[in-house]
Amino acid sequence: MKLLVCISKAPDTTSRIAFTDGDKNFDESGVQFIINPYDEWYALVRAIEIIESSGGSVTTVTVGEASCDPVIRKALAIGANDAVRINTVPTDSGQVARLIANYADGQGFDAIMCGKETIDHNSCAVPAMIAECLDLPFVAFATSLEMNDGSAILTCEAAGGTNSVKVTGPFVLSAAKGMSEQRIPNMRGIMSARTKPLQVVEADEVLVSTSVDKFTLPPAKGSCVMVDAENPAELVRLLREEAKII
Amino acid sequence: MSVLVYIPTNGGQATKSGLEAASFASALASGEVSAIVSGDLSGDGGLGAVGVTKVLHYSTELKDNSQLARLVESAATNTGATTVVFSRNLEGGAIAPRVAVRLGAGYVPGVVELPEGASFSRNVFSGKAKAAVSVSADKTVLGLTPNAYGVKSTGGGDASVEAFSAEVGESKLSFGDFKPSSADGSVPLPEAERVVSAGRGLKGPENWRIVEDLARALNATTACSRPVGDMGWRPHHEHVGQTGVTIRPDLYIACGISGAIQHLAGVNQSKVIVVINTDPEAPFFKAADYGIVGDVFDVLPKLTEAIKALS
């Protein structure tokens, strides 16, 4: 099996969310970056499990600048064989997908695996866009994956339940909870990651079709109205008369 | 501006998220609003009432997002639409980005309200911030966050229905059995208007009856925190939070959940949050609109009775 896993860096969940450059960019100062959890816990770990049992290789691909290298090294420490970084500032899902598709085209990957979304932009867009750029089938929100020669069986989330899907030939998936469990890299993995290949390639010129004009923070939440535990009927009255939602 | 909206149907009628997307499309459009439907459709599917003027009906029910993307692209070309609207649920969220690539359009997912001027407001950082996004391409594809805009009747008459055919290509996917996640047919979490959620404070899976009773009284869907899903007390699909499902109900009632930041990331876009916890210092109270400091085993049955007394 030859597997490609798309890895994005994301601010740690506990990061302070603030903006800079006239609220046009995320303020990265003092922010701890992690591998986007959906990419790591689900897509990357499942890919590694598959090659551990069936043989093959896992390559990671990241669109970003050198500031992404620490999270790429972590992916290598968890067990990816090698990594590629496409060197540019990612600004738009369509741009990221096109760059990854251009890189993957013709390399014979059996599957291109992504997390279902990043925890910063929450777009859920890149996986499906890669599939369209390469004219490949796309399985969204996959919660399990078994690969055989030339075909794969997946379970994926669907409205009100799950579907089982069989796909023939190469495909793209977006991974959701259930696909695998988080894996903590061991010392041997961390040591070997230092010498695994991390290839940096320059980005092609691709079209960017959306841009963020301004980020805003929501107004602070008002204080919580406390209701006596002995009197839940008062809560019901407030929900009906004040919040008007029941 | 002519707008196309993709509409999933159930039993021949547009789904609620479909009607919501159509309502949004109608408010957005200055010209014709067309809908594309694949599969079962009876009458106009209820779409005229939310402002759709024309329904293009492709009679085969397609499931592969690749084929659906070709169908929607073809409908957009046929109607001359410059904006295509999807509900960004599980299905729409997989088709919309493909359509954006096919049309060379800018894709804006997570739209929660009508645009102000030329830019669309979308939620980012799990609802902790908003981004105003503008599109430089000639065409725009929008993914509307479910349960954000609402279904809005325009009082319009029936939409015209036209049979539509398109070259959708071969599918390389074969779909097996659909397994419903709940036997009771409750609304799926991402689309639920009311959610009752519980955490470790419930002490064990055998105690969930009081949560289910409250959910039933409110006609709500049940959810849980991550530890509860991980310990197998509740099925994984009920886990809301950073690595589970993100929801945006009108009412979210959290029972015995402390409110870790990862949990809040999945629920903080709820319109009203109620927190019930024995610990007055639980961080969740800071994110709540209403709170009760008390034991869920005492409070939930009383709350359920108080809600039943309403009807």
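Every chain is numbered from 1 and lettered A, B, ... according to where its sequence line falls, protein lines coming before strand lines. All values derive from a computational prediction rather than experimental measurement.
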Asker: If I take atom CG from residue B:Leu303 and atom CD from residue A:Glu234, how far apart are they, to the nearest 0.5 angstrom?
Answerer: 12.0 Å

Asker: Got a second to check how far A:Glu230's CD is from B:Ile292's CD1, nearest 0.5 Å?
Answerer: 10.0 Å

Asker: Starting at OG1 of B:Thr243, measure out to OH of A:Tyr38 and round the result to the nearest 0.5 Å.
Answerer: 6.0 Å

Asker: Taking the side chain as every heavy atom from C-beta outward, state whether A:Met129 and B:Arg98 have any pair of such atoms under 4.5 Å apart.
Answerer: no

Asker: For a 4.5 angstrom cut-off between non-hydrogen side-chain atoms, does B:Phe178 reach A:Thr162?
Answerer: no

Asker: For chain B, find which of A:Ile245, A:Asp23, A:Val212, A:Leu239 contributes the most heavy-atom pairs closer than 4.5 angstrom.
Answerer: A:Ile245

Asker: Within the distance-only criterion (no hydrogens, no angle test), does the side chain of A:Arg240 pair as donor or acceptor with the backbone N or O of B:Leu310 below 3.5 angstrom?
Answerer: no

Asker: If I measure from the heavy atoms of chain A, does B:Ile276 come under 4.5 Å with its side chain, its backbone, both, or neither?
Answerer: neither

Asker: With a 4.5 Å cut-off on heavy-atom pairs, point out which of B:Glu91, B:Glu193, B:Glu191, B:Arg226 contacts chain A the most.
Answerer: B:Arg226

Asker: Measure distances from A:Phe141 to the heavy atoms of chain B and classify the residue's part below 4.5 Å as side chain, backbone, both or neither.
Answerer: side chain

Asker: Test side chain to side chain contact (heavy atoms under 4.5 Å, CB included) on B:Leu218 and A:Ile246; report intermediate values, then the result.
Answerer: CA-CA 8 Å; B:Leu218 277 168; A:Ile246 60 173; 4.0 Å; yes

Asker: Using heavy-atom distances under 4.5 Å, tell me whether B:Ala69 contacts chain A through its side chain, its backbone, both, or neither.
Answerer: side chain

Asker: Top residue by heavy-atom pair count (under 4.5 Å) with chain A, among B:Arg122, B:Glu305, B:Gln67?
Answerer: B:Arg122

Asker: Between B:Lys286 and A:Cys224, is a side chain to side chain contact (heavy atoms under 4.5 Å, CB included) present by the stated rule, with each step listed?
Answerer: CA-CA 7 Å; B:Lys286 289 196 177 67; A:Cys224 176; over 6 Å; no

Asker: Given that the side chain runs from C-beta out, which part of B:Ala96 has a heavy atom under 4.5 Å from chain A: side chain, backbone, both or neither?
Answerer: neither

Asker: So do the side chains of B:Lys130 and A:Lys214 get within less than 4.5 Å of each other, counting heavy atoms only?
Answerer: no

Asker: Find the one option among A:Gly169, A:Ser174, A:Ala176, A:Ala158 whose heavy-atom pairs under 4.5 Å with chain B are most numerous.
Answerer: A:Ala158

Asker: Top residue by heavy-atom pair count (under 4.5 Å) with chain B, among A:Thr14, A:Ile17, A:Ile153, A:Leu207?
Answerer: A:Ile17

Asker: Is B:Ala287 in contact with chain A via its backbone, its side chain, both, or neither, using a 4.5 Å heavy-atom distance?
Answerer: backbone

Asker: Out of A:Leu217, A:Thr168, A:Val126, return the one with the most heavy atom pairs under 4.5 angstrom to chain B.
Answerer: A:Thr168

Asker: Select one option (side chain, backbone, both, neither) describing which atoms of B:Ala100 are under 4.5 Å from chain A's heavy atoms.
Answerer: side chain

Asker: Is B:Arg102 salt-bridged to A:Asp135, cutoff N-O under 4.0 Å?
Answerer: no

Asker: State, without any angle test, whether A:Ser164 and B:Asp177 hold a side-chain donor-acceptor pair at a distance under 3.5 Å.
Answerer: no

Asker: What residue in B:Ala260, B:Gly294, B:Ser126, B:Ser174 has the most heavy-atom pairs under 4.5 Å with chain A?
Answerer: B:Ser174

Asker: What part of A:Lys24 lies closer than 4.5 angstrom to a heavy atom of chain B: side chain, backbone, both or neither?
Answerer: neither

Asker: At a heavy-atom distance under 4.5 Å, which candidate from B:Val133, B:Asp289, B:Val275, B:Asp298 has the highest pair count against chain A?
Answerer: B:Asp289

Asker: For a 4.5 angstrom cut-off between non-hydrogen side-chain atoms, does A:Pro11 reach B:Phe125?
Answerer: yes

Asker: Does any heavy atom of chain B fall under 4.5 Å from the side chain of A:Phe171, the backbone, both, or neither of them?
Answerer: neither

Asker: Any donor and acceptor pair, going by atom type alone, linking the side chain of A:Arg98 with main-chain N or O of B:Val101 inside 3.5 Å?
Answerer: no

Asker: As an exercise: rank A:Pro218, A:Ala140, A:Ala152 by heavy-atom pairs under 4.5 Å with chain B and give me the winner.
Answerer: A:Pro218

Asker: Could you give the distance from OG (B:Ser121) to CG (A:Asp213), rounded to the nearest 0.5 Å?
Answerer: 11.0 Å

Asker: Which residue out of B:Ala288, B:Ala265, B:Gly244, B:Pro190 racks up the most heavy-atom pairs below 4.5 Å with chain A?
Answerer: B:Ala288

Asker: Would you mind telling me which of A:Thr155, A:Leu154, A:Val208, A:Leu136 has the largest number of heavy-atom pairs within less than 4.5 Å of chain B?
Answerer: A:Leu136

Asker: Quick one: are A:Asn122 and B:Asn123 in side-chain contact, heavy atoms under 4.5 Å?
Answerer: no

Asker: Are the side chains of A:Lys177 and B:His237 in contact, using a 4.5 Å heavy-atom criterion?
Answerer: no

Asker: About how many Å separate CE of A:Met226 and OH of B:Tyr290, when rounded to the nearest 0.5 Å?
Answerer: 13.0 Å

Asker: With a 4.5 angstrom heavy-atom cut-off, which part of B:Pro109 approaches chain A: side chain, backbone, both or neither?
Answerer: side chain

Asker: Report which part of B:Asp230 has an atom under 4.5 Å of a heavy atom belonging to chain A: side chain, backbone, both, or neither.
Answerer: side chain

Asker: Quick one: what part of B:Val99 sits under 4.5 Å from any heavy atom of chain A, side chain, backbone, both or neither?
Answerer: neither

Asker: Is any side-chain heavy atom of A:Val139 closer than 4.5 Å to one of B:Leu173?
Answerer: yes

Asker: Can you tell if the side chain of B:Pro97 reaches within under 4.5 Å of the side chain of A:Glu132, non-hydrogen atoms only?
Answerer: no

Asker: Let's test your reading of the structure: which of B:Ala129, B:Gly106, B:Ala306, B:Gly291 forms the most heavy-atom pairs below 4.5 Å with chain A?
Answerer: B:Gly291

Asker: Checking B:Ser136 side chain against A:Ser209 main chain: does a donor-acceptor pair fall under 3.5 Å?
Answerer: yes

